[in-house]
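Before any comments, here is the structure.
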Amino acid sequence: MSAQHPKSDTVANPVIPGFHPDPSVCRVGDDYYLVCSSFEYFPGIPVFHSRDLVRWTQLGNALDRPSQLRLPLDMPSSAGIYAPTLRHHGGRFWLIVTNVGDGGNMLFTATDPTGPWSDPIRLPDVPGIDPDLAWDEDGTCWVTVAGISQLPIDPHTGEALGPAHRLWSGTPGALAPEAPHLYRIGDYWYLLIAEGGTERGHGVSVARGLTPTGPFEPCPANPILTHRSTDRPVQNTGHADLVQGPDGSWWLVLLGVRPGGGTPGWHVLGRETFLAPVTWVDGWPVVGELTPEIAAPTWPLQPAPAVPARDDFDQPELHPRWISVRQRPVELCSTKERPGWLTLHAAGSSLDEPDAVFVGRRQQHLACEARTLVDPSDGRGGLAVRLDESHHYEIEAGPGEVTVFARIGPLRTEVASRPVPTGAVVLGVDIAPLQPRDARTGPDLLSFGVEAPDGTFTVLAELEGRYLSTEVAGGFTGRVIGPYAASGSVHFDWCDYRSR
Ligand code: 6LW
């Protein structure tokens, strides 16, 4: 355990900001590992590590080669990789997930969560989404899925060892019982689920039984967590996974959103990973306060991982935080071709296309700025803020000019343009929350511009952020910011991302 940090009495929540939905966590000794869904992005399934449940470092992405992850071009955004479950059993890490774009449910294993992870073990007989893994005392491996049904499998072959049977339908009348997780704790097997749908009505409910196959008795206090119809700053709370802390206390990792602006309130960072304390009353979990600042746990916190603002692209591989749309062919995206630069070759597709040549990182702060030094002498490209093919804003450099474009649904427009000296230019975007003037304002403003060598930032266009929000665009993801190529070859010397 490294040098202790003066203990502040609260910690920030979300513990993993930005679009990191459907978190699943497992503990191995003093180490915690966590994964999230990743939808149309490649590489897929980010893997995080922590020793205090509060400070998380991304180790890599579990699915980082085409043999593991196929995201067909005709698959819509927000399809692809849905909610995963991560467990450790028999000295191995097991990852079960649904690729709704290709192949359905599948299993991956690894001895080291940093990777490499295996190629997929397909699970043709496992229906639905949100698969969970649990082993009982006699070693039977149970898979439980949304809707809430369950079947035994051989995890080494993927073979089903029995028919699927319904376990529980959740709270009568509640929408979409999903995201099941099964745990043996004390005398009981607990079945934790999400209900209400992943929007404002989201919640967490639990049932318990004496065997992994039930029968399950619902908790009289269900839902044990929901922020529906409240004025809480964190909304859509649900899709949780239970874990024990270093001191034996219990915690939930779960998803939530931070909407802003007037009505209906728009969230732009996607569903983020939050932490909430759990206590036990009469053998039932009781969830404590889930707020943007929560009481710090009793154990010493690790030093916050230092994330440099600048990526210089001087490594042979991109850092795992950089993700691309559906694929990242090495021939189109490389840091080796022009050492110290990221080179993107446009493949005739713009950001409107499913195979856009784009490399981005998740926006993780409500107020932030991004900058990149781009050399457009061999093509056109720039810096984009992407939610999906139909919702993105970008500032694009071509020989001697810079242009700001906006795509909102069927509408694409050139918002502003200005001549610039030929050669490399620093493009940027500042993102700042907006205080709602009236019901229709907010949640933020995106200012696109160019930065002079002396740091002066000249804004070419200010664009309203709600059109790049989930409430407008729909879907399951959040904003991703980064370089893209529109035509020819474009070279990026560095890319900065800072919270403000
Ligand atoms: C996830 C499911 C869900 O698999 O959305 O709305 C899916 N709830 O639990 C994608 O996040």
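Both ligands and their constituent atoms are indexed starting at 1 by order of listing.
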### Task
Could you tell me whether some N/O pair between S37 and ligand 1 is separated by less than 3.5 angstrom?
no
### Task
Any atoms of ligand 1 less than 4.0 Å from a non-hydrogen atom of T198? List them with their elements.
6 (O), 8 (N)
### Donor + acceptor pair across side chains of D352, H392 (<3.5 Å)
yes
### Message
So for ligand 1, is H202 a polar contact partner (N or O within less than 3.5 Å, distance only)?
### Response
no
#### Entry: atom 1 (C) of ligand 1 - nearest protein heavy atom and its distance
D130 OD1, 3.4 Å
### Task
For E178, take its heavy atoms, then give the atoms of ligand 1 lying under 4.0 Å from any of them.
2 (C), 3 (C), 6 (O), 8 (N), 9 (O)
### Contact atoms of ligand 1, heavy-atom distance to F39 under 4.0 Å
10 (C), 11 (O)
### Task
Starting from atom 5 (O) of ligand 1, locate the nearest protein heavy atom and write down its residue, its atom name and how far away it is, to 0.1 Å.
F476 CE2, 3.6 Å
### Task
Would you mind listing which atoms of ligand 1 come within a distance below 4.0 Å of any non-hydrogen atom of H239?
9 (O)
### Step-by-step side chain to side chain donor-acceptor pair (under 3.5 Å) determination, T171 to N222
CA-CA 8 Å; T171 307; N222 279 340; 4.6 Å; no
#### Entry: Which of the ligand 1 atoms, numbered from 1, are nearer than 4.0 Å to a heavy atom of D22
1 (C), 10 (C), 11 (O)
### Task
Considering the heavy atoms of R271, write down every atom of ligand 1 situated less than 4.0 Å from one of them.
5 (O), 10 (C), 11 (O)
### Message
We want to know whether R386 and S77 form a side-chain donor-acceptor pair, criterion being a heavy-atom distance below 3.5 angstrom.
### Response
yes
### Task
Ignoring hydrogens and angles, state whether a donor on the side chain of H227 or R232 is under 3.5 Å from an acceptor on the partner side chain.
yes
### Task
Provide the full list of salt bridge (charged side-chain N to carboxylate O under 4.0 Å, His left out) pairs with a residue in residues 245-260, sequence neighbours left out, each pair given once.
R258-E272
### Task
If a pair satisfies salt bridge (charged side-chain N to carboxylate O under 4.0 Å, His left out) and one of its residues is in residues 66-94, list it, with sequence neighbours excluded.
R70-D102, R87-D132, R87-D241
### Task
Answer yes or no: is there an ion pair linking R466 with D444, defined by an N-O contact shorter than 4.0 Å?
no
### Identity and separation of the nearest protein heavy atom to atom 7 (C) of ligand 1
Y82 CD2, 3.8 Å
### Residues R407, E394: salt bridge by 4.0 Å N-O rule
no
